[in-house]
2 protein chains.
Amino acid sequence: MDNKRGRVTIREVAEAAGVDRSTVSRAFTRPQMIRPETTEHVLAVAERMGYSPNRLARALSTGRAANLALVVHDLTNPFIPRLIMGVQREADRAGYCIFIGNADENPRDEERLLSRFVSQVEGTILVASRLDSDRVEDFARMGPVILVNRDLEGLPRVLVDYTRGFGEAVRHLTGLGHRRIAYVGGPESSWSNTVRLEAVREAVNTAGAELVLLPAGKASFHAGLNMTDEIVSSDTTAAIAFDDILAQGILAGLHARGVEVPRQYSLIGCDDILGDMTHPALTSITTRAEETGAAAFRLMVERITAPDSVPERHFLTSDLVLRSTTGPAPDKSPRIVS
Amino acid sequence: MDNKRGRVTIREVAEAAGVDRSTVSRAFTRPQMIRPETTEHVLAVAERMGYSPNRLARALSTGRAANLALVVHDLTNPFIPRLIMGVQREADRAGYCIFIGNADENPRDEERLLSRFVSQVEGTILVASRLDSDRVEDFARMGPVILVNRDLEGLPRVLVDYTRGFGEAVRHLTGLGHRRIAYVGGPESSWSNTVRLEAVREAVNTAGAELVLLPAGKASFHAGLNMTDEIVSSDTTAAIAFDDILAQGILAGLHARGVEVPRQYSLIGCDDILGDMTHPALTSITTRAEETGAAAFRLMVERITAPDSVPERHFLTSDLVLRSTTGPAPDKSPRIVS
DNA sequence: TAGAGTTACGCAACCGGTTGCATAGCGAAG
DNA sequence: CTTCGCTATGCAACCGGTTGCGTAACTCTA
């Protein structure tokens, strides 16, 4: 029962059960190939000895590791844990294990992580990758890659269609009388930022309102806080922020400057990860983090089982979730001053 | 260059370089064993062919996987991503990859994850495990286990010594005139909750103040929100919450009931993960999430390299971080009513 | 220049599984 | 009772590395 490494191996089970190693292997992986009594006997012996197949050895010989890598741009963004949970829920059922890598918005780190994972996973899910397209394609040549929140021709990807969510958000605001609306932008290198901006621009045009662009550059609480001055002096009455974290910072900044939300200013976030944790509770555009993760996993399985299928572009819809940070546009006359 | 699996193998490099596979292997892992020119030549050929060693195969033959499992109780708690980043920072340098498993407060899930990881990792870090001691010890027999925020004799563990942080917190409150202080408890099954309560109890006794125990049971925003009534009717003037998330809920609840913080009520959180994101910014007891993760990894390495060393109990200290949710105790006379 | 010691490398076994192929043993058909 | 075909199992190669051991070639000493 004890070899030098401590764990029970297939050979020991085979000897104890009086069969060949291949029979033990088949009892676990292809029971229909062998007699039911044999399977039963082998499994009983294995159970008694506390045997379970070594996933490493199995992966080496089959070429299927039943692991996958999930590389994310920023672990501290609460969107990410939710997405991870979505991936894991699906992965769990399929018996997969997940490696996590935090690229920390840094392409070099991202690449290092990827190459460290590549030989022990069946595929990689890249969330909001900051790698340039060529590098992504290089990696995609080494194994299945699923992109999340990044749109690259030829690769399966799960994306959010922002038209509905941002459309609803803008119509909601214009319905409340807002005519000049700010979009507070996130990371320039992020696909999400580009398309969110596009969605808001289109919605604002359609509504015949006016858009003011205020790039924060980063999606962090402090970036939001630091944008407050610009927002206040932008002559807008409402803003849509790149994401909830940024919005949270803006909310804090507005409060600090004595601007009441939503009486004097309306604010909408995106990703819907804060629920009612802010005060007032943040109205937000939901992007379904868990569903996103689950969809990415399903695309991965599809890719693995049918590598030659046409790479699918999977779209999730977005919706406005109304809470308490939006209200009627204030009268223009009494301008807000610091 | 291409076998059926697409990746370049050591054999192909060996043939191309005109040496044995073992020489290629040594060029990568034991260059001092072979002539510098040979190493150089082999590495050049490998580089040109785009070869990199297969970690699976290496792990199988050496018994060292250079992977580790990190199983956490609740991914959505912002403390966890920080801790993960701490582990990863260290793991990265050492060339390790990290599997993540979210047990979701469920011992059965936790166990399933563990057994799925066990054959492909060198060790496991268990964060606030909800498994009963026997099961943990069973697993510890299969490979190195490091515990975080769980105190089990015989296993290396990283724990936080709360005496200083909670001592400072309580002295801070009593210094402000608070005499009756509430502790809003977290998950009953959590070691952290037990010792935090113990620390606060001792500090309150020492200070000659009075402690009121209000168990919330869970550490979530809503659990905090729901505790507000009890807090308001508890005749206390200040509370220390099990963690920041719970405190955030309480803060929201107090606000909703029109109780001004800190003018009418003082509140302190724990873990210091929210920074100044709340309003008012939450005073908190820091428990150094990233350092905790880093320390866990270091203990793991120690465990792997010297399995017979005495299991170390690594303590991190805690400190009070003053922000804006604490103030002088209000006059008792005008009681706060809903 | 022969013998001893050292160095750099090759050979082959091994890690723990999986799987294509060969075959023994069986029941059915002729 | 032979022949055929099928089924359950064993044999052995293989996945892609690592490593103990053996040895040819070289350096050093006498």
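Side-chain atoms are counted along with the backbone in the values below, which use heavy atoms only and exclude waters and symmetry mates. Below, read A as the first sequence line, B as the second, and so on, with proteins coming before strands; counting in each chain starts at 1.
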If you take atom types as modelled and just measure distance, does the side chain of [X] reach the base of [N] with a donor-acceptor pair under 3.5 Å?
X: B:Ser22; N: C:dC11; value: yes
X: B:Arg26; N: C:dG10; value: yes
X: A:Arg21; N: D:dG10; value: no

Scan [X] against the nucleic acid and name what it touches under 4.0 Å (heavy atoms): base, sugar-phosphate only, or nothing.
X: A:Asn54; value: sugar-phosphate
X: B:Phe28; value: nothing
X: B:Ile34; value: sugar-phosphate
X: B:Val24; value: nothing

Indicate whether OP1 or OP2 belonging to [N] is found under 4.0 Å from a side-chain N or O atom of [X].
X: A:Arg30; N: C:dT19; answer: yes
X: A:Thr23; N: D:dG10; answer: yes
X: B:Ser61; N: C:dC15; answer: no

Is the ring centre of B:Phe28 less than 6.0 Å from the ring centre of B:Tyr51?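 When the ring centroids of B:Phe28 and B:Tyr51 are compared, they turn out to be within the sub-6.0 Å range.
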
By the definition side chain to side chain contact (heavy atoms under 4.5 Å, CB included), identify the one residue from A:Val87, A:Leu147, A:Leu299, A:Val158 that meets it with A:Ile125. A:Val87

